[in-house]
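Residues: numbered from 1 along the sequence shown.
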Amino acid sequence: KAHLESFNPVRTMKRDEYQKRQAADLFLLSDKPVIYICNVDEASAVNGNHYSGQVTESLQSQDTEVIIVAAAVESEIAELDKGCRAQ
């Protein structure tokens, strides 16, 4: 109760199997998995950069995933695909 009243998400709470089953029946939004997306430049797309490293480091204690993308490159690829279909 104190964990939730402190505005912490359920997914970060230490629970035994019984408590996990009980919370699963409530379908709490803060119990859902979280994915963090770090948008980086093209040169940092493979390994990330200083900032994405800080995000990953700060989330080490949580059961979550960090995905690194170069959204500008993805956008360019999408535009190329549209051009190919138009012809």
Side-chain angles (χ1 to χ4, degrees):
K1 182 178 175 183
H3 184 83
L4 299 176
E5 287 177 346
S6 299
F7 300 102
N8 293 308
V10 174
R11 70 182 159 276
T12 62
M13 194 168 94
K14 302 284 187 226
R15 301 174 283 171
D16 60 31
E17 287 304 314
Y18 175 76
Q19 292 169 324
K20 287 179 184 179
R21 285 194 309 273
Q22 294 296 319
D25 289 340
L26 300 173
F27 299 101
L28 298 170
L29 186 59
S30 68
D31 199 20
K32 303 292 183 206
V34 175
I35 298 174
Y36 292 87
I37 309 294
C38 293
N39 184 15
V40 298
D41 60 292
E42 184 178 356
S44 303
V46 175
N47 297 317
N49 59 23
H50 173 72
Y51 300 108
S52 63
Q54 286 182 326
V55 170
T56 302
E57 185 179 322
S58 70
L59 298 170
Q60 281 182 345
S61 64
Q62 297 184 28
D63 184 23
T64 188
E65 187 171 347
V66 177
I67 298 174
I68 299 170
V69 298
V73 174
E74 296 291 333
S75 176
E76 291 172 10
I77 292 170
E79 289 300 317
L80 289 174
D81 188 40
K82 288 179 188 176
C84 291
R85 282 188 260 156
Q87 295 177 354

Enquirer: Give a yes or no on whether Leu29 atom CG has more than 12 heavy-atom contacts from other residues, nucleotides or ligands under 6.0 Å away.
Expert: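 Not more than 12 within 6.0 Å, no.
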Enquirer: Could you name each residue pair satisfying salt bridge (Lys or Arg N to Asp or Glu O under 4.0 Å) that touches residues 19-28, not counting sequence neighbours?
Expert: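 Residue pairs passing salt bridge (Lys or Arg N to Asp or Glu O under 4.0 Å), neighbours aside: Glu17-Lys20.
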Enquirer: With rounding to the nearest 0.5 angstrom, report the CD to CD distance, Glu79 to Glu74.
Expert: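 Output value for this atom pair is 12.5 Å.
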Enquirer: Taking side-chain contact (heavy atoms from CB on, under 4.5 Å) as the definition, give me every residue that meets it alongside Ser52, ordered by chain and number, with sequence neighbours left out.
Expert: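 With neighbours one apart ignored, the set is Cys38, Val40, Asn49, Ile68.
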Enquirer: What residues, two or more places apart in sequence or in another chain, satisfy side-chain hydrogen bond (donor to acceptor under 3.5 Å, both in side chains) together with Thr56?
Expert: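 Partners of Thr56 by the side-chain hydrogen bond (donor to acceptor under 3.5 Å, both in side chains) criterion come out as none, since no residue qualifies.
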Enquirer: Tell me, please, which residues at least two apart from Ile35 pass side-chain contact (heavy atoms from CB on, under 4.5 Å).
Expert: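 Ile35 satisfies side-chain contact (heavy atoms from CB on, under 4.5 Å) with Ile37, Ile67 only.
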Enquirer: So, using side-chain contact (heavy atoms from CB on, under 4.5 Å) as the criterion, who are the partners of Ala70 when residues are at least two apart?
Expert: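 So Ala70 forms a side-chain contact (heavy atoms from CB on, under 4.5 Å) with Ala45, Val73.
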Enquirer: Could you tell me whether the side chain of Ser6 and the main chain of Ala2 form a donor-acceptor pair under 3.5 Å?
Expert: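 Checked: pair present.
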Enquirer: Return the set of residues passing side-chain hydrogen bond (donor to acceptor under 3.5 Å, both in side chains) with Gln22 (not counting sequence neighbours), or none when no residue passes.
Expert: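 Residues passing side-chain hydrogen bond (donor to acceptor under 3.5 Å, both in side chains) with Gln22: Tyr18.
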Enquirer: Going by the salt bridge (Lys or Arg N to Asp or Glu O under 4.0 Å) test, which pairs reach into residues 29-38, not counting sequence neighbours?
Expert: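 Non-adjacent pairs meeting salt bridge (Lys or Arg N to Asp or Glu O under 4.0 Å): Arg15-Asp31.
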Enquirer: Report all side-chain donor-acceptor pairs from residues 57-64 shorter than 3.5 Å, counting only partners two or more places apart or in another chain.
Expert:
unit_1: Ser58; atom_1: OG; unit_2: Gln54; atom_2: O; d: 3.3
unit_1: Ser58; atom_1: OG; unit_2: Val55; atom_2: O; d: 2.9
unit_1: Thr64; atom_1: OG1; unit_2: Val34; atom_2: O; d: 2.4

Enquirer: Linking Ile, Leu, Val, Met, Phe, Trp and Tyr by side-chain heavy atoms under 4.5 Å, what else ends up with Phe27?
Expert: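 When side chains under 4.5 Å apart are linked, Phe27 ends up in no cluster with other residues.
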Enquirer: Using a side-chain heavy atom cutoff under 4.5 Å and only I, L, V, M, F, W and Y, what cluster partners does Met13 have?
Expert: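 Its cluster partners, ordered by chain and number, are none at all.
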Enquirer: Name all residues meeting the side-chain hydrogen bond (donor to acceptor under 3.5 Å, both in side chains) criterion together with Asn39; count only those two or more places apart in sequence or in a different chain, and write none if there are none.
Expert: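 Result, side-chain hydrogen bond (donor to acceptor under 3.5 Å, both in side chains) vs Asn39: none returned.
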Enquirer: Who else is in Tyr51's hydrophobic cluster (ILVMFWY, side-chain heavy atoms under 4.5 Å, direct or via others)?
Expert: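 When side chains under 4.5 Å apart are linked, Tyr51 ends up in no cluster with other residues.
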